[in-house]
Amino acid sequence: MHDLREIRENPEKFKTGLIRRGEDRTVIDKVLNLDEERRKLILEVETLKSKRNSESQQVGLLKKKGEDASEIIVAMKRLGDEIKELDEKQGLIETQIEELLLGIPNVPHPSIPDGKDDKENVTVNLWGEPTKFTFDPKPHWDIGTDLDILDFDRAGKITGSRFTIMKKSAAKLSRALISFMIDVHTSQNGYSEIYPPYMVNSASMTGTGQLPKFAEDAFKIDKTDYWLVPTAEVPVTNMYRDEILDISDLPIYHVAYTACFRAEAGSAGRDTRGLIRQHQFDKVELVKFVLPEDSYNELDKLTANAARILELLGLPYRKVMMCTGDVGFSAAKKFDLEVWMPSYNNYVEISSCSNFEAFQARRANIRFRREAGAKPEFVHTLNGSGLAVGRTIAAIMENYQTEDGSVIVPEALRPYMGIDKISK
RNA sequence: GGAGAAGUACCCAAGUGGCUGAAGGGUCCGCACUCGAAAUGCGGUAGGUCAGCUAAGCUGGCGCGGGGGUUCAAAUCCCCCCUUCUCCGCCA
């Protein structure tokens, strides 16, 4: 969410941001008109309230002296009705402004390219080379089914499409990856581990930007105000909602594993096979709370932390900078890490690292003070996958497959797996 | 699920209808004591948010878990909700 005062002072900045994203900029003028009306009303109603307060005080004083105050009381009763009417009008306008503000995306950072969609993203660098095979490589869904470690059919039976049962070495690989990733981030990259709830309330979903605009992408628990987390970003970022953080605690780095749940409402027919697009998947997430002046440096570090996992696993990847059309609603700048996926003969997103600047912090009201007595400022929040576990399993199975249908276990995972090869 | 208690600013905490933006602490700053620090003593500043006029600042509104209500006037009275704690019940 944006600061109303900032929009008032610099509307062009926000209009330009919307234009760069290819979105309707007239919302800014709508907000400004409502804001003007709102401030006029405030001025009017506050004058009346000030009068009511002082006159009411007179009533108390008169009564103490045993004098008659009924004239003031009658007058104030009338004034009270007037105030009530104006208050309601003001509340209505403020609700309208709030609704508009919650629907305005973040302003893209100047450094990111203009573009309509993912085709105009820019590759920043490549690590490794697409894996070459001396035989015809199989997609991971075939490898997994043939090894009897992935079971899509029974998952469909017990739940539905876009769910998977992982068995034996696949199940263990999943556990191994989660532990491996968390261990690297806590012991080498300075993150502190969090294990949060998998359900959050609507206020949290609003705080990070999933609500109100993207309700159809998430699963809502019937008869409650709870949502299944689409990413650990939501519970972890909202940990500090409505708090003023101590500057000596900044920057805060958290790493959290959760299962993630996504309705995938707009993805019918896409990535229907395998582990790439599931309603439930595992992810290790990195979340940072930092000083505003540090956030872009922190974004580079966070992206490097996520990339480090791919490098340790020996998986070829590229780093891509998102263009304005693909940067996402809440982010000002975003890098995707895309892993080489032989079955797609292409790179597939496996991590998304974003700087939200104060966009989420303002929604969630997460602040800090530079010194005692100083005015609280909003922190900058960042997050990134470190990594998506299901896609990592798919990438390992495909890139490390052998001609006989088994899968070599990457060196870094062997201590966690206890074996160096997954075979029949 | 049942019974009871509580929620006041960054933290602790007093406050049951008007003079309470809210005592007192802590935190923070200065001074004294000390070789220095701690502890102690003395003095002092600040406090969230919105609006207005401005250069610092000043004025006003809101605000005491959240939302509604009663009243000329609400931290204080009433209703609903949330959270925490204690006891009981149930349970992995």
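Computed from a predicted model, the values in this text were never measured in an experiment. Because only heavy atoms are used, hydrogens play no part in the values below, and waters and symmetry mates are left out as well, while side chains stay in. Chain letters run A, B, ... following the sequence lines, proteins first and then strands; every chain starts at 1.
We find that CG of A/D68 is positioned 14 Å from P of B/C72, with the value rounded to whole Å. Per the geometry, CG belonging to A/D242 stands 15 Å off P belonging to B/C64, to the nearest Å. Atom CG of A/N201 is separated from atom P of B/C81 by 17 Å (rounded to the nearest Å). Here the P atom of nucleotide B/G17 and the CD atom of A/Q57 are 17 Å apart, to the nearest Å. Rounding to whole angstrom units, CG of residue A/N365 and P of B/G48 are separated by 13 Å. A straight line from CZ of A/F368 to P of B/G48 spans 14 Å, rounded to a whole angstrom. Rounded to a whole Å, the CG atom of A/L101 is 13 Å from the P atom of B/C50. Between the CD1 atom of A/I247 and the P atom of B/C28 there is a distance of 15 Å, rounded to whole Å.
Remark: B/C62 base-pairs with B/G48. Criterion, Watson-Crick or G-U wobble with two distances under 3.5 Å. Taking a pair to require two hydrogen-bonding distances under 3.5 Å in either a Watson-Crick or a G-U wobble arrangement, B/A92 remains unpaired. Using N1 to N3 plus N6-O4 or O6-N4 for Watson-Crick, or N1-O2 and O6-N3 for G-U wobble, each under 3.5 Å, B/U40 pairs with B/A32. Pairing for B/U86 is with B/A3, a Watson-Crick or G-U wobble pair whose two hydrogen-bonding atom distances lie under 3.5 Å. Applying the Watson-Crick and G-U wobble criteria (two distances, each under 3.5 Å), B/C72 pairs with B/G18.
A donor-acceptor contact closer than 3.5 angstrom links the side chains of A/S204 and A/N201. Between the side chains of A/S111 and A/K333, at least one donor N or O sits under 3.5 Å from an acceptor N or O. Counted by atom type alone, A/D242 and A/N365 present one or more donor-acceptor pairs between their side chains at under 3.5 Å. Donor-acceptor pairing under 3.5 Å is recorded for the side chains of A/D336 and A/S352. Looking only at atom types and distance, the side chain of A/T208 has no donor-acceptor partner in the side chain of A/E233 under 3.5 Å away. In summary, the side chains of A/E398 and A/S343 do present a donor paired with an acceptor at a separation below 3.5 Å, with no hydrogens or angles considered. With no hydrogens or angles considered, a side-chain donor-acceptor pair links A/Y317 and A/E311 at under 3.5 Å. A/Y416 and A/D183 are linked by a side-chain donor-acceptor pair at a separation below 3.5 angstrom, with hydrogens and angles left out of the test.
Only the P atoms considered, B/G26 is 11 Å distant from B/A39, to the nearest whole Å. For the C1' atoms, the distance from B/G69 to B/U84 is 26 Å, rounded to whole Å. Comparing the C1' positions of B/A22 and B/C81 gives a spacing of 26 Å, expressed to the nearest Å. Separation of the P atoms belonging to B/G18 and B/C12 is 26 Å when rounded to the nearest angstrom. Atom name P, nucleotides B/U76 and B/A6: the rounded distance is 15 Å, in whole Å.
Aromatic ring centroids of A/H279 and A/F261 lie 6.0 Å or more apart.
Residue contacts shown for A/R8 are limited to sugar-phosphate atoms, with no base heavy atom under 4.0 Å away.
A heavy atom closer than 4.0 Å to some atom of RNA chain B occurs in A/M76, A/K77, these being the qualifying members of residues 74-94 of chain A. Using a 4.0 Å cutoff on non-hydrogen atoms, the parts of residues 39-56 of chain A near RNA chain B are A/R39, A/I42, A/L43, A/E46, A/K49, A/S50, A/R52, A/N53, A/S56, ordered by number.
When distances are taken from the side chain of A/Y226 to each of B/U49, B/C72, B/U83, the shortest belongs to B/U83.
Position along RNA chain B of the nearest nucleotide to A/R38 versus A/V59 favours A/R38 as the more 5'-ward residue. Place A/I244 and A/D35 on RNA chain B by their nearest nucleotides, and A/I244 ends up nearer the 5' end.
Between A/E264 and A/R162 no salt bridge is recorded (no basic side-chain N to carboxylate O distance below 4.0 Å).
Each of A/I422, A/D142, A/I149 was checked for a side-chain contact (heavy atoms from CB on, under 4.5 Å) with A/M397, and the lone residue meeting it is A/I149.
An OP1 or OP2 oxygen of B/C50 is reached within less than 4.0 angstrom by a side-chain nitrogen or oxygen of A/R5.
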